[in-house]
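Letters A, B, ... mirror the listed sequences (proteins, then strands); counts begin at 1.
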Amino acid sequence: MPELPEVETVRRGLQPAMEGALVTAVETRRPELRFPLPGNLAEALTGHHIAALGRRAKYLAIELDDATVLVCHLGMSGSFRIEETATEAPGGFYHERSKDVAHDHVILHLRGADGRARRIIYNDPRRFGFMFLTTRADMQSHPHLKDLGIEPTGNALDAEALAQVLHNRKAPLKAALLDQRAIAGLGNIYVCEALWRAGLSPKRAARTLVRADGAPTPRCALLAEAVRTVIADAIAAGGSSLRDYRQADGSLGYFQHTFAVYDREGQPCVRPGCSGTVRRTVQSGRSTFHCTTCQK
DNA sequence: CCTTGAACCTGGGCGC
DNA sequence: TGCGCCCAGGTTCAAG
């Protein structure tokens, strides 16, 4: 589920409920995620106010008033939801609404800036997600974040920057774009979609978009543009809701309805004038969807 | 350095 | 209905 647009959607959904709120209690119902939760999680958060919600690539950053930062990665199946509560006391008022509560692993009890009590609940069936504590000062150099590449939002990702990270890379474009050290935040869906928008084959060697002197080719500029716009469009749509994934407020993103190739094996290419068919292949162990007729 | 593949986990969908 | 198999938005290791 969560590539950059989904994490940004989660951030925007949580922001009104979390910013300025006081953490009144923290419950850890199952501490074994991809990595164990910090042992001092409750101690580090309880009694502090949440100063801001940030994001870097696919990581959500919950910043506290003492410059502590709780960094969360949603893995493949992680999500947050907000529950309004009549009490802020942990336990006792936990309603078993669905079988899914078995995968509610972390619960932040808050008293919002509006004085209302709420629970922020992290649910993750596959437990590929993880959380760690750092500080504003140390965040950039943290092992999980220090090698992240260009953020595909804003202006940073232009043809020159993309050429720089693809220079001399023999790997196929698909693999190069999935590499978080090059561009940070793309996953399987948006790599497939960006390559279709740029009309480039996922099998093409990354270095073929860069001239010998390191300058970007026209195709490189096309790809940089495609990545920026697919990410911007997906954020504007509230991300993609695959399976039953929902935003923090319970609503569904709708970008999945505009997929050109992802999960569309066998269907006709939607590019005007193209009579090709979307094919599914496997690259580095993951499904690639692309049109062999118009992606070269 | 680069690349690929396995591992981590649960659940849904499909064929039989 | 049930079982077994394949597949799924990601990251991190180990091995070639």
Side-chain angles (χ1 to χ4, degrees), chain A residues 1-11 29-37 55-60 71-80 98-105 122-132 142-149 152 165-194 202-207 230-231 234-235 237-248 252-259 261-266 280-289:
Chain A
M1 166 259 304
E3 303 181 33
L4 187 156
E6 289 72 41
V7 178
E8 177 61 19
T9 299
V10 167
R11 189 191 72 76
R29 303 176 83 237
R30 177 140 197 189
E32 305 90 7
L33 301 185
R34 174 70 200 269
F35 309 110
L37 286 171
R55 181 193 55 74
R56 170 72 169 111
K58 302 174 191 172
Y59 292 85
L60 181 72
V71 181
C72 308
H73 194 292
L74 304 183
M76 292 276 267
S77 59
S79 64
F80 281 97
S98 70
K99 60 175 181 173
D100 224 27
V101 299
H103 303 298
D104 289 349
H105 305 308
Y122 179 70
N123 180 285
D124 188 355
R126 292 177 74 180
R127 283 186 282 125
F128 284 176
F130 52 98
M131 301 184 187
F132 56 91
H142 191 280
H144 281 116
L145 304 175
K146 66 179 168 59
D147 292 323
L148 291 174
V165 295
L166 299 184
H167 189 49
N168 277 344
R169 291 202 56 168
K170 282 184 270 193
L173 278 174
K174 173 75 188 296
L177 295 185
L178 279 176
D179 186 344
Q180 302 297 297
R181 297 169 302 183
I183 301 174
L186 300 184
N188 208 30
I189 293 175
Y190 297 111
V191 166
C192 291
E193 293 298 311
K203 301 183 195 312
R204 169 190 281 271
R207 63 197 299 178
V230 77
I231 291 296
I235 290 173
S240 304
S241 295
L242 265 49
R243 323 258 180 280
D244 58 355
Y245 171 71
R246 285 169 182 277
Q247 298 178 22
L252 296 166
Y254 54 87
F255 192 77
Q256 69 277 10
H257 301 302
T258 69
F259 289 166
V261 287
Y262 184 81
D263 208 18
R264 299 191 70 239
E265 180 182 17
R280 175 183 175 274
T281 56
V282 175
Q283 286 180 287
S284 43
R286 316 199 51 189
S287 288
T288 292
F289 298 90

For atom P, what is the distance between C:dC6 and B:dA6, given to the nearest Å?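 Going atom to atom, P in each nucleotide, I get 13 Å.
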Do A:Lys58 and A:His73 have side-chain heavy atoms sitting under 4.5 Å apart?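 A side-chain contact under 4.5 Å exists here.
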May I ask you to say what A:Arg127 touches in the nucleic acid, namely base, sugar-phosphate or nothing, with a heavy-atom cut-off under 4.0 Å?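 Sugar-phosphate contact only - A:Arg127 comes under 4.0 Å of backbone atoms but never of a base.
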At 4.0 Å (heavy atoms only), tell me whether A:Phe255 reaches a base, stays on the sugar-phosphate, or touches nothing.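 No contact.
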Determine whether a donor-acceptor pair (N or O, by modelled atom type, separation under 3.5 Å) exists between the side chain of A:Gln180 and the backbone of A:Gly149.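 Not confirmed, A:Gln180 side chain does not pair with A:Gly149 backbone.
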Nucleotide [N], atom [atom2] - distance to [atom1] of [X] in whole Å:
X: A:Phe132; N: C:dT12; atom1: CZ; atom2: C1'; answer: 14 Å
X: A:Arg126; N: C:dT11; atom1: CZ; atom2: C1'; answer: 12 Å
X: A:Asp263; N: B:dG12; atom1: CG; atom2: P; answer: 17 Å
X: A:Glu3; N: C:dA8; atom1: CD; atom2: C1'; answer: 12 Å

Residue met sooner reading DNA chain B from 5', once A:Ser284 and A:Asn168 are mapped to nucleotides: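 Mapping each residue to its closest nucleotide by heavy atoms, the 5'-most match is A:Asn168.
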For the residue pair A:His144 and A:Phe130, does the interplanar ring angle fall in the parallel (under 30°), tilted (30 to 60°) or perpendicular (over 60°) class?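 Taking A:Phe130 first and then A:His144, their aromatic rings sit tilted (interplane angle of 30° to 60°).
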Could you tell me whether A:Arg169 and A:Asp179 make a salt bridge, using a distance below 4.0 angstrom between a side-chain N and a carboxylate O?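 Looking at A:Asp179 together with A:Arg169, the answer is yes, because their closest N to O distance falls below 4.0 Å.
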